[in-house]
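The structure appears right after this line, and notes come after that.
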Amino acid sequence: MVHATIAEVTARIVARSAETRGPYLARIDAARDQGPARAHLSCSGQAHAYAGAGEDQQALATGSAGHLGIVTSYNDMLSAHQPFERYPDVLRQAARSVGGTAQVAGGVPAMCDGVTQGAPGMELSLFSRDVIAMAAGVALSHNTFDAAVFLGVCDKIVPGLVIAAQSFGHLPAIFVPAGPMTSGLPNDEKAKVRQRFAKGEVGHVELMAAEMAAYHGPGTCTFYGTANTNQMLMEFMGLHLPGASFVPPNTGLREALTAEAARRSLSLSALGNTYTPVAHVLDERAYVNGIVGLMATGGSTNLLIHLVAMARAGGILLDWQDFAEISAVVPLIARVYPNGLADVNHFHAAGGLGYTIRTLLEAGFLHPDTLTVAGRGLERYTQEPKLRDGVLGWEAGTQTSLNDKILRPVSDPFQATGGLSRLSGSLGTAVMKVSAVAPEHWVVEAPVRVFLDQDEVKAAFKSGQLTGDMVVVVRFQGPKANGMPELHSLTPILSILQGRGQKVALVTDGRMSGASGKVPAAIHVVPEALEGGPIARLRDGDLLRVDAEAGVLDILTEGVLARDPVTADLSGNQFGTGRDLFAAFRAAVGSADTGASVFGG
């Protein structure tokens, strides 16, 4: 039996989406009926498509057991994406082993939020998601493929690829990860060095040594930020092979899973008897399962934007209220940094996603009968991949948590409710990640200090101005203002203030990193300041209540809403570091609660 709230929220999403989901599925069915245009191309067109295919040329010209399109986000500046360099060869060989063929259809950009934190490039980060979707659309536009695999891991890359996959929703699609880097300097030790640097107690040499010890090799960063939250979602939503998310790169099991992704994708095409288009995998139940996973594991707040945008690409309309109601009943059962001391490798060793899905299924918090790339039923994702004598197979996963300090059953959670909270009130609507925030910090009622960007906050901290209890308000950071950059570089400063005994919270129309932790942060405030939202009417000293317990974000000072909104000179972030190329995006982007997308809000 599915939990009553999960069933009710799902039914509401289905009803809300009826006018958009139906036409989407009709378009997908029409595309399926037309089939790939490979056989209908002119001889010249086919020659162009196959000219670079090497030994696969003849098979493509005469027909094969299916043609696989590879969309890759490979670059070797991102540790998480560097392993993808070798994947196309593995995928081609696997496709040939079953009589099929594979080609790299195209590449998509992939930027690292860790590199651009606090820098102008971060203002392109959120927009890169929609660019990735468009680039993947261009890659598949040749319409010569029977199935696709998508190689992506990090923050905006997976959501962008999912948006594109649904545009080509008549094709089967499997998402293929690279896996986490091996554990380095513990995340809490790294955070301590960052705080000591912010206090001026250590210099750049010590800070750099700590950072290099933490981020030290190929693979995904090991904290539970947006990248690893993406990987969790791909399993909960049925787009990964079971257990694929957290297998390290450059291992035999990782390569075997990559090869199997190619074979499995081709087996799901319309050429066979198990046709499984991605549009049918990603239905309303799959998205609800993803939200449940987000809440149960304390995942990244960025997904409250991305999941909304991803769902809309398939005609499904999610609302932040859906997230709030699911969070209210789904317990938090994982503690992974920044919500705890463990990293994703420790989480995986404790039972990982297989055990997480098992205990949530047993408690009725997941739809068990969803369609996945592994077949019908989410029960398949409680299994673990194993390589025995060179042969890949799946075996029953652990029945119990192997470390209850990291992962617990639903019957004995870390907290009774999920990791995210929706706040609303006279200031607007916002979200907060509460899984890492101690309950005594869930409510902050204090005067505001208003800033126009994070550099102003840092300057005020260095000059000793941030004294007493306060709500730090950083506005004009929304998608229309400057692309909605993450403000993660404020985390060490705010943590220091909280550590001094001050009551402190952050309120912003911008974003925070998926790694943001112990300080309460009401983010994604809508309406944003540039659109004249109440956040643009605040002045220093106004009293604000930030209450994650009651879900309240209220202005307590009378007369604030009667003021004219302030304006800001945003000319400084219109140019440089590629920002001039995105003026059209800033003009067209929708609000955060509709996915902050240029594809319509």
Side-chain angles (χ1 to χ4, degrees), residues 6 10 13 73 80 129 132-133 150-166 173-180 220-221 223-247 261 278 281-314 316 318 320 322-323 326-327 330 332-334 336 339 344 347-348 352-354 356-357 360-361 365-367 370-374 378 380-382 418-420 431 433 435 514-515 595:
I6 303 301
T10 305
I13 294 170
S73 57
R129 181 198 64 198
I132 288 161
F150 293 88
L151 313 185
V153 175
C154 290
D155 296 25
K156 315 306 169 297
I157 296 93
V158 167
L161 293 174
V162 170
I163 290 170
Q166 288 178 114
I174 291 182
F175 279 62
V176 184
T220 316
C221 304
F223 59 83
Y224 196 48
T226 310
N228 286 316
T229 302
N230 286 339
Q231 303 315 296
M232 175 276 298
L233 285 169
M234 292 301 94
E235 293 216 22
F236 271 76
M237 297 171 70
L239 289 179
H240 270 179
L241 293 176
S245 294
F246 299 135
V247 176
V278 72
V281 172
L282 294 180
D283 64 7
E284 294 89 346
R285 295 169 303 164
Y287 276 102
V288 168
N289 283 351
I291 297 172
V292 170
L294 183 67
M295 301 308 169
T297 60
S300 169
T301 53
N302 282 325
L303 272 301
L304 276 89
I305 295 176
H306 297 324
L307 275 167
V308 173
M310 290 156 61
R312 283 176 174 251
I316 296 170
L318 300 180
W320 283 350
D322 303 327
F323 292 76
I326 291 174
S327 182
V330 173
L332 181 70
I333 60 173
V336 189
N339 309 332
V344 294
F347 168 76
H348 187 60
L353 294 177
T356 305
I357 290 171
L360 290 168
L361 276 172
F365 286 116
L366 293 169
H367 291 284
T370 51
L371 186 62
T372 78
V373 298
L378 200 59
R380 297 170 186 270
Y381 286 78
T382 66
L420 294 164
V431 295
K433 182 173 180 175
S435 52

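This one's a predicted model, so the numbers in the text were calculated from it and none came from an experiment.
- A donor-acceptor pair under 3.5 Å is absent between the side-chain atoms of T297 and the main chain of A334, judged by distance alone.
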Please walk me through it: do S245 and E235 pass side-chain hydrogen bond (donor to acceptor under 3.5 Å, both in side chains)?
CA-CA 7 Å; S245 294; E235 293 216 22; 2.9 Å; yes
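- In this structure, CG in D322 is found 10.5 Å from CD1 in I6, a value given to the nearest 0.5 Å.
- Inter-residue side-chain proximity for F365 and M295 is flagged as unmet; no heavy-atom pair is nearer than 4.5 Å.
- Closest of all the heavy-atom pairs between S435 and L332 is CB-CD2, 3.8 Å.
- Distance check: L360 CG to I357 CD1 gives 8.0 Å after rounding to the nearest 0.5 Å.
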Quick one: do L294 and F323 satisfy side chain to side chain contact (heavy atoms under 4.5 Å, CB included)? Show the steps, please. CA-CA 9 Å; L294 183 67; F323 292 76; 4.1 Å; yes
Could you walk me through whether V344 and F223 pass the side chain to side chain contact (heavy atoms under 4.5 Å, CB included) check?
CA-CA 6 Å; V344 294; F223 59 83; over 6 Å; no
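- Residues V162 and M234 have side chains in contact (heavy-atom distance under 4.5 Å, counting atoms from C-beta outward).
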Verdict with reasoning, F246 to N228, per side chain to side chain contact (heavy atoms under 4.5 Å, CB included): CA-CA 8 Å; F246 299 135; N228 286 316; 3.4 Å; yes
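- With H367 as reference, T10 is the one residue of D283, N289, T10 to meet the side chain to side chain donor-acceptor pair (under 3.5 Å) rule.
- Annotation for A178 and A80: closest pair CB-O, 3.2 Å, computed over non-hydrogen atoms.
- Under the 4.5 Å side-chain criterion, counting only non-hydrogen atoms from C-beta, V288 is in contact with I326.
- Side-chain contact between W320 and V431: present, with at least one pair of heavy atoms (C-beta onward) separated by less than 4.5 Å.
- Across I174 and A261, no two heavy atoms sit closer than the pair CD1-O, 3.7 Å.
- The heavy-atom pair separating Y224 from G299 by the smallest distance is CE2-CA, 3.5 Å.
- Residues F236 and L353 meet the side-chain proximity criterion, which asks for heavy atoms closer than 4.5 Å.
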Exercise. Does the pair L239 and L282 meet the rule for a side chain to side chain contact (heavy atoms under 4.5 Å, CB included), with working shown?
Worked result: CA-CA 9 Å; L239 289 179; L282 294 180; 3.9 Å; yes
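- Looking only at side-chain heavy atoms (C-beta outward), L318 and Y287 come within less than 4.5 Å of each other.
- Considering only heavy atoms from C-beta on, Q231 stays 4.5 Å or farther from T220 through its side chain.
- Smallest separation of non-hydrogen atoms from P177 and A244: CG-O, 3.5 Å.
- Separating the CG atom in N230 from the CG atom in L303 is a distance of 5.5 Å, to the nearest 0.5 Å.
- Separation of atoms OG1 (T356) and NE2 (H348) is listed at 11.0 Å; rounding is to 0.5 Å.
- For the atom pair CZ (R285) and CD1 (I13), the distance works out to 12.5 Å, reported to the nearest 0.5 Å.
- One side chain, S300 or T226, offers a donor N or O that lies under 3.5 Å from an acceptor on the other.
- With S327 contributing its side chain and L420 its backbone, the two residues share a donor-acceptor pair below 3.5 Å.
- Using a distance-only test at 3.5 Å, with no hydrogens or angles considered, a donor-acceptor pair links the side chain of Y381 to the main chain of H240.
- Here the side chain of R380 pairs a donor or acceptor atom with the backbone of A374 at under 3.5 angstrom.
- Closest heavy-atom contact between T370 and A286: CG2-N, 4.2 Å.
- Looking only at side-chain heavy atoms (C-beta outward), M237 and V281 stay at 4.5 Å or farther from each other.
- Here CD1 of I163 is found 9.5 Å from CG of L161. Values are rounded to the nearest 0.5 Å.
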